[in-house]
Trainee: 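A single structure is presented below for examination.
If you read the sequence from its start, that first residue is 1, and numbering goes on from there.
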Amino acid sequence: MADITLKLPDGSYLNAEKGLTVTEIFFQLFPSNKKRMRVIAAQFNDRIIDIRDTINSDGVLKVIFEEDLQALEVIRHSASHIMAQAVRKLFPEAKLAIGPATSEGFYYDFEVDKPFSPEDLEAIEREMHVIVKQHLPFTREEMSRGDAIRFFEEAGERFKVELLKEIPDDRVSLYRQGDFIDLCRGPHVRNTHQIPVFKLLSSASAYWRGDENREVLQRIYGTAFRNHEELDAFLELREKIRLRDHRKLGRDLDIFSIHDDVGAGLVFWHPKGGMIRHLIEEFWRREHLSRGYEFVYTPHIAREQVFEVSGHLENYAESMYAPLLIDQQPYRLKPMNCPGHIKIYQSRLRSYRDLPIRYCELGTVYRYERSGTLHGMLRVRGFTQDDAHVFCTPEQLSHEVYKIIELVDVLMTAFGYTYEIYLATRPEKYLGSDEEWELATQALRQALDRWGQPYQMDEGGGVFYAPKIDVKLTDALGRHWQGPTIQVDLNLPKRFGVKYIGEDNTDHEAIMIHRAVLGSMERFIGGLIEHYGGAFPMWLAPVQAVIMPITDKQLHYADQIRDALSNAGFRVFLDERNEKLGFKIREAQLEKVPYMIVVGEREAENSVLSVRHRVLGDLGTMPVADFIDRAREEVESKKIDY
């Protein structure tokens with residue numbers, strides 16, 4: 001008589017004895033040894049488990065084969081253990097920290113005397129290949145937590161001991177392959193030979209547990225795939241990403257800089273970066289004005305009590321900077337713009353006839369980010385956010401959300417992004433009543449249905465104070481970025497008492513929509529640099545054309561062209577240097593200028609331009625007026641040529 005019943009993915013059921021290992025159950029499922037050898041792990045209900053684990057209850061069981069996407073996480077986790085084994089073979093004094101799988105591969109942190117060199121990584125990778133070829137089985141061992149602490153103390157592995165002391169379970173699992181043993185919950189592949197394709201990528205410093213006050217460790221990054229084709233595609237994409245890295249391009253194209261002597265995470269916008277930002281902000285302002293938004297500006301600091309009322313001190317204190325003492329009162333740098341917009345709203349009595357009110361601000365805020373998390377323009381400590389807040393009645397909510405979605409589409413399409421929309425609903429822990437959440441969620445859903453484009457549900461993905469719409473952007477390399485967000489706030493209107501006088505002449509609580517489309521200007525433009533590979537489209541290029549006279553004899557005509565293009569509203573540069581034409585063209589190409597205008601004796605005599613495009617190449621000669629028409633159409637259509 002079977003003890004347990006297991007439901008399989010095809011809807012069938014398998015009766016099995018309680019206490020069998022997954023491997024033993026697979027022997028019932030797969031008489032063919034060839035098929036059993038392709039099994040990597042299993043999924044029992046919602047958890048990935050080891051084939052050595054036992055099944056003791058009814059549930060849903062899914063087999064994970066080598067070709068399944070879920071197999072990658074198990075393969076990569078096992079690869080991190082093989083890498084740690086190789087490091088310990090070559091660097092016996094290395095102390096082990098942690099080694100998880102990641103979305104792109106795996107890493108392992110070590111405490112060593114000096115950072116790993118590229119030559120060290122090559123040697124470690126060679127040793128990994130030796131281990132893989134040995135077909136070492138991954139075996140799971142269990143022991144009491146106390147015994148495990150003593151075991152790792154004797155081995156001098158203080159990081160493992162620290163982790164063990166925080167584990168509440170009485171028994172813990174360890175995994176062994178060959179002479180290497182590590183604290184681990186698993187799961188792992190059967191043996192080292194099941195790690196088919198891997199490569200070590202880089203090394204970097206990392207703080208233990210992400211705390212800059214703790215030990216500095218050395219982290220080795222690697223990746224593993226199921227076949228060489230997947231690895232080659234990953235490495236090709238990685239190289240494209242490296243070439244588009246906004247930090248490198250930002251430096252090479254003179255867009256921005258960050259100076260450690262001034263402060264990490266603080267961006268300096270150079271003239272070209274300033275022009276790009278100005279053009280985007282100008283576009284942003286124009287679109288908002290046409291949709292009934294009003295521009296506001298709020299102070300960079302406020303008394304601490306404002307952030308006590310808003311709940312920021314209660315929930316985000318670790319991201320806020322220490323108080324400034326002004327007139328014996330504590331002040332804080334603002335981490336968000338919403339309290340300021342609320343105070344403007346409350347500066348006078350509001351009627352239902354005044355609503356909706358739409359405030360928008362390119363407001364600079366300050367948030368503390370750990371130094372290890374800072375990343376060029378993408379993760380900074382001071383940034384300007386395209387914040388907006390809409391105050392409306394419940395009846396107006398769905399329409400206002402719809403108008404925001406419409407704005408999102410206009411802006412994202414202009415920058416060449418495709419996107420996916422997610423509706424994130426109530427999480428387990430939340431503020432507000434069920435009725436309020438239902439009203440807000442339904443308004444978001446109605447707006448999305450009215451928009452008519454597909455969207456996905458993110459059940460339980462809302463923040464504790466609001467359901468929301470999240471927009472995920474896809475860039476030119478197929479990478480996904482967190483983009484615009486729309487939140488119906490069920491928290492701040494209560495905290496601040498945001499009211500309006502209704503038709504019944506009594507107070508009503510206003511609905512408040514938080515909304516960011518571009519988000520941080522720093523992060524958005526950093527992402528755009530990578531999206532375009534630094535080749536900004538004509539409408540955003542800080543320099544749209546470079547005029548190149550072949551000799552000094554054409555300087556006067558080149559000056560006339562510059563004046564004509566400048567008067568037509570274009571951003572042009574006259575390259576008067578006494579350099580060869582080929583050198584000038586190569587430099588302009590490296591600077592990713594959209595157009596190069598060559599002026600020689602023939603062009604001057606015929607009052608024409610010889611035009612070269614950075615992508616299309618030589619476009620031949622044309623009158624100045626024709627080039628202006630061409631360039632103006634390209635700007636107005638916001639054409640993208642990457």
Trainee: Taking the six-membered ring of Tyr107 as reference, does the NZ or CZ atom of Arg219 fall below 6.0 Å from its centre and within a 45° cone about the axis?
Mentor: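 Cation-pi check for Arg219 and Tyr107: passes.
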
Trainee: Hey, are Lys334 and Glu361 close enough for a salt bridge, meaning a charged N less than 4.0 Å from a carboxylate O?
Mentor: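 Salt bridge flag = yes for Glu361 with Lys334.
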
Trainee: Tell me if the centroids of the rings in Phe295 and Tyr359 come within less than 6.0 Å of each other.
Mentor: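 No, the ring centres sit 6.0 Å or more apart.
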
Trainee: Counting only heavy atoms from other residues, nucleotides and ligands, does the tally under 6.0 Å from CD of Gln482 exceed 12?
Mentor: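 Atom CD in Gln482 is crowded, with more than 12 foreign heavy atoms closer than 6.0 Å.
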
Trainee: Could you tell me whether a side-chain N or O of Arg332 sits under 3.5 Å from a main-chain N or O of Tyr321, the two making a donor and an acceptor?
Mentor: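 Between the backbone of Tyr321 and the side chain of Arg332 there is a qualifying donor-acceptor contact (under 3.5 Å).
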
Trainee: Are any of the side-chain nitrogens in Asp470 or Lys468 under 4.0 Å away from the carboxylate oxygens of its partner?
Mentor: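 Lys468 and Asp470: salt-bridged.
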
Trainee: Side chains of Gln218 and Ser205: do they bring a donor and an acceptor to under 3.5 Å?
Mentor: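 Yes - a donor-acceptor pair under 3.5 Å links their side chains.
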
Trainee: Does the ring pair (Phe, Tyr, Trp, His ring centres under 6.0 Å) test come out yes or no for Trp539 and Phe415, once each step is laid out?
Mentor: CA-CA 10 Å; Trp539 73 283; Phe415 294 111; 5.5 Å; yes

Trainee: Over all heavy atoms of both residues, which pair between Pro549 and Asp575 is shortest? Give the atoms and the distance, please.
Mentor: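 Reported closest heavy-atom pair: CD-O, 3.4 Å.
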
Trainee: Spell out, as yes or no, whether a donor-acceptor pair under 3.5 Å connects the side chain of Arg571 to the backbone of Val543.
Mentor: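 No; zero donor-acceptor contacts below 3.5 Å.
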
Trainee: Does atom CG of Asn578 have more than 12 heavy-atom neighbours, drawn from other residues, nucleotides or ligands, at distances under 6.0 Å?
Mentor: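 No, the 6.0 Å shell around CG holds no more than 12 heavy atoms from other groups.
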
Trainee: Using the side-chain contact (heavy atoms from CB on, under 4.5 Å) rule, take Arg523 and Met377 through it: C-alpha gap first, then chi angles, then the decisive distance, then the call.
Mentor: CA-CA 5 Å; Arg523 183 176 181 275; Met377 300 178 85; over 6 Å; no

Trainee: Given 3.5 Å as the limit, does a donor-acceptor pair link the side chain of Gln544 with the main chain of Met538, or not?
Mentor: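 Such a contact is found between Gln544 side chain and Met538 backbone.
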
Trainee: State plainly whether the residues Glu587 and Arg577 are in salt-bridge range, i.e. N to O under 4.0 Å.
Mentor: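 Here Glu587 pairs with Arg577 in a salt bridge, since their nearest N and O are under 4.0 Å apart.
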
Trainee: Report the distance from atom OG of Ser398 to atom CG of Leu448, rounding to the nearest 0.5 Å.
Mentor: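 It is 9.0 Å, given to the nearest 0.5 Å.
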
Trainee: Does Ser310 use its side chain to pair, donor to acceptor, with the backbone of Phe307 at less than 3.5 Å?
Mentor: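 Here the side-chain-to-backbone pair exists.
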
Trainee: Locate the shortest heavy-atom distance separating Val390 from Pro356; write the atom from each residue and the value.
Mentor: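 Scanning both residues completely, I find the closest heavy atoms to be CG1-CB, 4.3 Å.
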
Trainee: Does the side chain of Tyr345 pick up a donor-acceptor pair with the side chain of His389 at under 3.5 Å?
Mentor: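 No, no side-chain donor-acceptor pair sits under 3.5 Å.
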
Trainee: Could you tell me whether the side chain of Asp475 and the main chain of Arg479 form a donor-acceptor pair under 3.5 Å?
Mentor: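 Between the backbone of Arg479 and the side chain of Asp475 there is a qualifying donor-acceptor contact (under 3.5 Å).
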
Trainee: If you round to the nearest 0.5 Å, how far is CG of Leu574 from CD1 of Ile561?
Mentor: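 Nearest 0.5 Å value for the CD1-CG distance: 9.0 Å.
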
Trainee: Under 4.5 Å between any side-chain heavy atoms of Leu279 and Met275, yes or no?
Mentor: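 Result yes, sub-4.5 Å side-chain heavy-atom pair found.
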
Trainee: Set out, in order, the CA-CA distance, both residues' side-chain angles and the distance that settles salt bridge (Lys or Arg N to Asp or Glu O under 4.0 Å) for Lys272 and Asp254, then state yes or no.
Mentor: CA-CA 7 Å; Lys272 289 182 179 178; Asp254 199 22; 5.5 Å; no

Trainee: Are there over 12 heavy-atom neighbours, none belonging to Arg602, within less than 6.0 Å of that residue's CZ?
Mentor: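 12 or below, so no.
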
Trainee: Show, in sequence, the C-alpha distance, side-chain angles and deciding distance for Arg515 and Asp386, and conclude whether the salt bridge (Lys or Arg N to Asp or Glu O under 4.0 Å) test is met.
Mentor: CA-CA 8 Å; Arg515 190 237 69 191; Asp386 79 313; 3.6 Å; yes

Trainee: So, Thr384 versus Thr364: side-chain donor-acceptor pair below 3.5 Å or not?
Mentor: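 There is such a pair (donor and acceptor under 3.5 Å, judged by atom type) between the side chains of Thr384 and Thr364.
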
Trainee: I'd like to know if Glu369 pairs up with Arg379 as an ion pair, taking the criterion as any Lys NZ or Arg NE/NH1/NH2 lying under 4.0 Å from an Asp or Glu carboxylate oxygen.
Mentor: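 Looking at Glu369 and Arg379, the cut-off is met.
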
Trainee: Apply ring pair (Phe, Tyr, Trp, His ring centres under 6.0 Å) to His531 and His246, showing your working.
Mentor: CA-CA 9 Å; His531 181 46; His246 77 283; over 10 Å; no

Trainee: Please list, one pair per line, the donor and acceptor atoms closer than 3.5 Å that link side chains of residues 628-636 to other protein atoms, with sequence neighbours excluded.
Mentor:
from	atom 1	to	atom 2	distance (Å)
Arg630	NE	Tyr595	OH	2.9
Arg632	NH2	Ala568	O	3.4
Glu634	OE1	Tyr595	OH	2.6

Trainee: So Ile525 and Trp269, do their side chains get closer than 4.5 Å, heavy atoms only?
Mentor: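 In contact.
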
Trainee: What's the verdict on side-chain contact (heavy atoms from CB on, under 4.5 Å) for Asn337 and Gln385, showing C-alpha distance, side-chain angles and the deciding distance?
Mentor: CA-CA 8 Å; Asn337 297 303; Gln385 195 164 22; 4.2 Å; yes

Trainee: Ignoring hydrogens and geometry beyond distance, is a side-chain donor-acceptor pair present between His259 and Ser257 at under 3.5 Å?
Mentor: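 Looking only at side-chain atoms, Ser257 and His259 do form a donor-acceptor pair, the distance falling under 3.5 Å.
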
Trainee: Counting only heavy atoms from other residues, nucleotides and ligands, does the tally under 6.0 Å from NZ of Lys638 exceed 12?
Mentor: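 Yes, NZ of Lys638 has more than 12 neighbouring heavy atoms, counting only those of other groups under 6.0 Å.
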
Trainee: Return yes if some donor-acceptor pair links the side-chain N/O of His278 with the main-chain N/O of Gly274 below 3.5 Å, else return no.
Mentor: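 Looks like no, no N/O pair under 3.5 Å.
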
Trainee: Does the pair Arg76/Glu104 count as a salt bridge with the N-to-O cut at 4.0 Å?
Mentor: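 Not counted as a salt bridge, because no side-chain N and carboxylate O are separated by less than 4.0 Å.
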
Trainee: Applying side chain to side chain donor-acceptor pair (under 3.5 Å), which residue pairs with at least one partner in residues 399-408 are found, sequence neighbours left out?
Mentor: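 Listed once each, the pairs are Arg358-Glu400, His399-Arg450, Lys403-Glu406.
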
Trainee: Is the distance between the ring centroids of Tyr417 and Trp481 under 6.0 Å?
Mentor: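 That pair fails the under 6.0 Å test.
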
Trainee: How far apart are the closest heavy atoms of Gly483 and Leu473, and which atoms are they?
Mentor: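 Minimum heavy-atom separation between Gly483 and Leu473: CA-CG, 4.0 Å.
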
Trainee: Answer yes or no: is there a donor N or O on one side and an acceptor on the other, between the side chain of Arg367 and the main chain of Arg381, under 3.5 Å?
Mentor: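 Side chain of Arg367 to backbone of Arg381, a donor-acceptor pair under 3.5 Å: no, none is there.
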
Trainee: What are the two closest non-hydrogen atoms of Val624 and Ala564, and how far apart are they?
Mentor: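 It is CG1-CB, 4.3 Å.
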
Trainee: Any ion pair linking Asp618 and Arg612 (charged N to carboxylate O, less than 4.0 Å)?
Mentor: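 Salt bridge: no.
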
Trainee: Against the six-membered ring of Tyr422, is Lys472 placed for a cation-pi contact (under 6.0 Å from the centre, within 45° of the normal)?
Mentor: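 Positive - Lys472 is close enough to the ring of Tyr422 and near enough to its axis.
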
Trainee: Without hydrogens or angle criteria, can the side chains of Tyr455 and Asp449 be said to hold a donor-acceptor pair below 3.5 Å?
Mentor: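 Per modelled atom types, Tyr455 and Asp449 side chains form a pair under 3.5 Å.
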
Trainee: Listing request: all salt bridge (charged side-chain N to carboxylate O under 4.0 Å, His left out) pairs with a residue in residues 281-296, at least two apart in sequence or in separate chains.
Mentor: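 Qualifying pairs, neighbours excluded: Arg277-Glu281, Glu281-Arg285, Glu287-Arg291.
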
Trainee: Do NZ/NE/NH1/NH2 and the carboxylate oxygens of Arg242 and Asp245 come within less than 4.0 Å?
Mentor: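 Answer for the salt bridge query: no.
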
Trainee: Tell me whether the centres of the aromatic rings in Phe256 and Phe268 are closer together than 6.0 Å.
Mentor: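 No, the ring of Phe256 stays outside the 6.0 Å limit from the ring of Phe268, centre to centre.
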
Trainee: Taking all atoms of both residues into account, what is the closest heavy-atom pair of Met548 and Ala588, and its distance?
Mentor: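 Closest pair (atom of Met548, atom of Ala588, distance): CE-CB, 3.6 Å.
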
Trainee: Which pair of non-hydrogen atoms, one from Cys338 and one from Met512, has the smallest distance, and what is that distance?
Mentor: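 So the minimum-distance heavy-atom pair works out to CB-CE, 4.0 Å.
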
Trainee: Under 3.5 Å, is there a donor-acceptor pair between the Ser117 and Asp120 side chains?
Mentor: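 Judged by distance alone, the side chains do pair up.
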
Trainee: Set out, in order, the CA-CA distance, both residues' side-chain angles and the distance that settles side-chain contact (heavy atoms from CB on, under 4.5 Å) for Asp458 and Leu423, then state yes or no.
Mentor: CA-CA 6 Å; Asp458 179 13; Leu423 174 56; over 6 Å; no

Trainee: Mind running side-chain contact (heavy atoms from CB on, under 4.5 Å) on Phe383 and Tyr366 for me, showing each step along the way?
Mentor: CA-CA 7 Å; Phe383 55 91; Tyr366 304 88; over 6 Å; no

Trainee: State, with a plain yes or no, whether a side-chain heavy atom of Phe116 is found less than 4.5 Å away from one of Leu121.
Mentor: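 Of all side-chain heavy-atom pairs linking Leu121 with Phe116, at least one is under 4.5 Å.
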
Trainee: Does CD in Gln554 sit with more than 12 non-hydrogen atoms of other residues, nucleotides or ligands closer than 6.0 Å?
Mentor: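 Yes, because the 6.0 Å sphere around CD of Gln554 holds more than 12 heavy atoms from other groups.
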
Trainee: Give, for atom CD1 of Ile344 and atom CD1 of Ile357, the distance between the pair rounded to the nearest 0.5 Å.
Mentor: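 Nearest 0.5 Å value for the CD1-CD1 distance: 11.0 Å.
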
Trainee: What do you reckon, are the aromatic ring centroids of His341 and His514 less than 6.0 Å apart?
Mentor: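 Not under 6.0 Å, so no.
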
